[in-house]
Amino acid sequence: VQLQASGGGLVQAGDSLRLSCAGSGSTFSSFSSYYMAWFRQNPGKAREFVAGINWSGDSTDYADSVKGRSTISRDNAKNTMYLQMSSLKPEDTAVYYCAASRRNYISRVVGMYNYWGQGTQVTVSS
């Protein structure tokens, strides 16, 4: 199972960015059977939950730090999940990871996720 995160970059405060996470692999069963999420991490700090989405995309959860500024979505036909972020702040700077879970609920806990992407760097300058 492979998750490929992309879309990160260097932006200025107030800008928008869309991250993508593509799922693939010979043992990757239906993409739509996984709950998905985005986490982020800075050096020396714990990985933190950003947003999560259920199988169909009609249920989502957001960390307070990004609520109202971010939208998580998925396109199961394309095996891809997205995170649209707007009004970016310097404190949003981090490596962003996508993750997939076999569980049937959106978890904010790192250990509840079975598969992880390699991460994509987001840097927001002030």
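In this text, all values refer to a predicted model and were calculated from it rather than measured experimentally.
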Heavy-atom distance under 4.5 Å between the side chains of [X] and [Y], does that happen here?
| X | Y | value |
| --- | --- | --- |
| Gln4 | Gln118 | yes |
| Ile72 | Met81 | yes |
| Val50 | Met85 | no |

What is the minimum heavy-atom distance between [X] and [Y], and which atoms define it?
| X | Y | answer |
| --- | --- | --- |
| Ser70 | Leu83 | CB-CD1, 4.1 Å |
| Thr71 | Tyr62 | CA-OH, 3.3 Å |
| Ile53 | Ser73 | CD1-CA, 3.5 Å |

- Note on the structure: Rounded to the nearest 0.5 angstrom, the CG-OG1 distance for Asp92 and Thr123 is 11.0 Å
- Task: Verify, without hydrogens or angle tests, whether Asn76 (side chain) and Phe31 (backbone) share a donor-acceptor contact under 3.5 angstrom.
- Result: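 No, because the side chain of Asn76 does not come within donor-acceptor range (under 3.5 Å) of the backbone of Phe31.
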- Query: Can any side-chain N or O of Arg74 pair as donor or acceptor with the backbone N or O of Gly57 at less than 3.5 Å?
  - Reply: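 No, because the side chain of Arg74 does not come within donor-acceptor range (under 3.5 Å) of the backbone of Gly57.
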For [X], which residues count as a side-chain hydrogen bond (donor to acceptor under 3.5 Å, both in side chains) partner, sequence neighbours excluded?
| X | answer |
| --- | --- |
| Ser86 | none |
| Asn104 | none |
| Glu48 | Arg40 |

- Tell me the salt bridge (Lys or Arg N to Asp or Glu O under 4.0 Å) pairs involving residues 51-66, sequence neighbours left out?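 Counting only pairs at least two positions apart or across chains, the salt bridge (Lys or Arg N to Asp or Glu O under 4.0 Å) contacts touching residues 51-66 are Asp61-Arg108, Asp64-Lys67.
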Run the side-chain donor-acceptor check on residues 6-21: report pairs under 3.5 Å with partners two or more places apart or on a different chain.
unit_1 : atom_1 : unit_2 : atom_2 : d
Asp15  : OD2    : Gln12  : N      : 3.0

- Joint cluster assignment, Trp38 & Tyr82, ILVMFWY side-chain distance < 4.5 Å: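 No, Trp38 and Tyr82 fall in different hydrophobic clusters.
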- Task: Output the rest of the hydrophobic cluster of Tyr113: all Ile, Leu, Val, Met, Phe, Trp and Tyr residues reachable through side-chain heavy-atom contacts under 4.5 Å, sorted by chain and number.
- Result: Tyr35, Phe39, Phe49, Trp55, Val95, Tyr97, Tyr105, Ile106, Val109, Val110, Met112, Trp116
